[in-house]
Amino acid sequence: MTTTVIISIFLAIFATSLQNARGATMEPCLESMKTASLPDLPYAYDALEPAISEEIMRLHHQKHHQTYVTQYNKALNSLRSAMADGDHSSVVKLQSLIKFNGGGHVNHAIFWKNLAPVHEGGGKPPHDPLSSAIDAHFASLEGLIQKMNAEGAAVQGSGWVWFGLDRELKRLVVETTANQDPLVTKGSHLVPLIGIDVWEHAYYPQYKNARAEYLKNIWTVINWKYASDVFEKHTRDLDIN
Amino acid sequence: MYDATRLPKSRAIHKSQNTDSTGVCSPHLSLKLELQFKRMAASSAVTANYVLKPPPYALDALEPHMSKQTLEFHWGKHHRAYVENLKKQVLGTELEGKPLEHIIHSTYNNGELLPAFNNAAQAWNHEFFWESMKPGGGGKPSGELLALLERDFTSYEKFYEEFNAAAATQFGAGWAWLAYANDKLKVVKTPNAVNPLVLGSFPLLTIDVWEHAYYLDFQNRRPDYIKTFMTNLVSWEAVSARLEAAKAASSSSS
């Protein structure tokens, strides 16, 4: 009995030390690097129905966004090695993978926060100061929505339509980006307030080719509170009207 | 592998800058280049002049590899919209009535895309795509085509690997192609509506990797779609016929 106990303790210590050793030698690069991880959705998968189906939310979050995260981390790891080796060709070559997958992660992380279930304020119009700023730049909220929808429908291939704040010019803008380019690729002074994914994966199972209808319906679950918070945070020190 | 993923810029102007007032293809385009382009398009045997041609098989004939539902939407909605919208777009402009290949070439405008390019090229690309597939297709080619693939890629497996990689790594929307130029076969990937015609080579085979092409059947699993296409759908007969036409067109140009 005593022998068994001693052997068990010994095995436990041995197993723990193996685990520690593995931990220390496994992926030393990644340990000191802050990699990306898939953020949780702030609501249930079916919470945005009927505007966006549960099927789409599951695929979009668990498959598409997860893939961007995985591939981005893989690219970062490769970048780390290339940098350590002084392999400058590879460092440059990796940039497009990082931009695509990293952009995919950044954009989708914002997107989930741009949406909210109706019972949590999704679709509820913004209040001041954002509301007045919208009226000043687009005549009305409807004007902004119309412009977003027109630009979103016109994106050829894959991309995003953005409602953003131009910190430098102190105004609100509507912009589009291709593929997974974040809004900042259109100007380093641009802050995304609302982004709408117009890749086909964002709407196809439910809307098929009817992108315009998806754009029309998504406004019922847009989280204006998030947009207002970001707007207020960035305009506190600016003199915007 | 030729990587044509740089996205050309679009310009919001309405008049094609490559045709003069009589509607003839621009005098700036050398006669030799224009003839070569016409031969390229002819060799690909697509005669889509603003017509929504049905695929050379029933919409359910590619099941279970590509569903009837996919064909109903992809051909019946997407392809149809490109054709209908192209007609509306060229109405009343100097492009109206011009052959599709002419419109594609002039609106490509050396990468500074003009408005009608997307609809025109996509109308062409989709007809070419339906004809790149057949029921009971897929597998390995034979004869001269196989010999050339082995010559230019060292083996069919290497070609498969390269074609698969091109299709899988085209960011966002686009196409992967087997193309022929300067007596050589090569794999090309293109974004959105761009095709090898505007890049100076003869298209022989294509796979559509816009999400609408595979989402209903495969959702996010593009690699599975590509594998299914190569294993069960490719019409090597069509590819061989196009290769013959491309070689004939090449040898007759000087």
Side-chain angles (χ1 to χ4, degrees), chain A residues 53 55-68 70-72 74-75 93-104 107-108 150-151 153-160 176-181 185-186 197-214, chain B residues 3 5-12 67 69-82 84-85 107 113-122 125-126 168-175 189-194 208-224:
Chain A
S53 69
E55 182 191 9
I56 287 180
M57 292 307 294
R58 283 190 186 277
L59 283 167
H60 207 171
H61 181 248
Q62 294 176 348
K63 304 289 179 186
H64 292 275
H65 190 174
Q66 178 64 72
T67 301
Y68 289 126
T70 306
Q71 294 304 317
Y72 174 57
K74 204 167 140 200
K93 196 174 160 203
L94 282 162
Q95 297 310 307
S96 67
L97 271 175
I98 288 170
K99 181 181 177 188
F100 180 65
N101 291 297
N107 293 340
H108 285 85
E151 304 252 342
V155 169
Q156 280 164 18
S158 309
W160 292 73
T176 59
T177 56
N179 294 336
Q180 291 301 348
D181 295 357
T185 58
K186 282 283 173 97
D197 191 349
V198 292
W199 279 64
E200 287 172 326
H201 67 237
Y203 57 89
Y204 213 82
Q206 183 179 358
Y207 293 94
K208 312 295 190 291
N209 60 308
R211 189 194 286 181
E213 204 180 316
Y214 156 72
Chain B
D3 181 343
T5 53
R6 183 189 65 83
L7 285 173
K9 287 178 262 192
S10 280
R11 269 196 306 176
S67 67
Q69 195 194 26
T70 291
L71 267 294
E72 281 171 342
F73 281 99
H74 198 177
W75 173 78
K77 304 275 184 186
H78 292 271
H79 186 179
R80 185 186 305 276
Y82 291 125
E84 294 305 312
N85 290 337
T107 57
L113 305 183
L114 301 176
F117 178 77
N118 191 56
N119 288 320
Q122 285 291 80
N125 296 340
H126 281 85
T169 61
Q170 174 53 42
F171 289 160
W175 304 75
K189 63 181 181 182
T190 57
N192 297 347
V194 178
D208 187 350
V209 293
W210 282 62
E211 286 178 322
H212 65 238
Y214 59 90
Y215 216 83
L216 294 178
D217 296 335
F218 295 92
Q219 293 77 58
N220 62 306
R221 294 170 290 122
R222 194 194 284 189
D224 288 347

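In what follows, chains are A, B, ... by sequence order, proteins preceding strands, each numbered from 1.
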> Could you label the plane-to-plane angle of the A/H64 and B/Y215 rings as parallel, tilted or perpendicular, counting under 30° as parallel and over 60° as perpendicular?
parallel
> Which atom pair, heavy atoms only, marks the closest approach of B/N192 to A/Q156?
ND2-O, 3.5 Å
> Quick check for you: to the nearest 0.5 Å, what is the distance between B/T169 atom OG1 and A/L97 atom CG?
8.5 Å
> In this structure, which one of B/K77, B/Q69, B/H74 forms a side-chain contact (heavy atoms from CB on, under 4.5 Å) with A/K208?
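Going through the options one by one, the only one that passes is B/Q69.
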> Does a side-chain heavy-atom distance below 4.5 Å link A/E200 with B/H78?
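In short, these two side chains touch, coming nearer than 4.5 Å.
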> Could you check whether the rings of B/H212 and A/Y204 sit parallel, tilted or perpendicular, using 30° and 60° as the cut-offs?
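Taking A/Y204 first and then B/H212, their aromatic rings sit tilted (interplane angle of 30° to 60°).
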> Which atom names give the shortest non-hydrogen contact between B/A173 and A/S158, and what distance separates them?
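Minimum heavy-atom contact is N-OG, 3.3 Å.
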> Let me confirm one number: the CG-CD distance from A/N179 to B/Q170, rounded to the nearest 0.5 Å.
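The CG atom of A/N179 sits 8.0 Å away from the CD atom of B/Q170.
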> Heavy-atom count check: over 12 atoms from other residues, nucleotides or ligands less than 6.0 Å from A/K186 NZ?
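Check passes, neighbour count above 12.
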> Around atom OH of A/Y72, are there more than 12 heavy atoms from other residues, nucleotides or ligands closer than 6.0 Å?
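For A/Y72, atom OH is not crowded (no more than 12 foreign heavy atoms under 6.0 Å).
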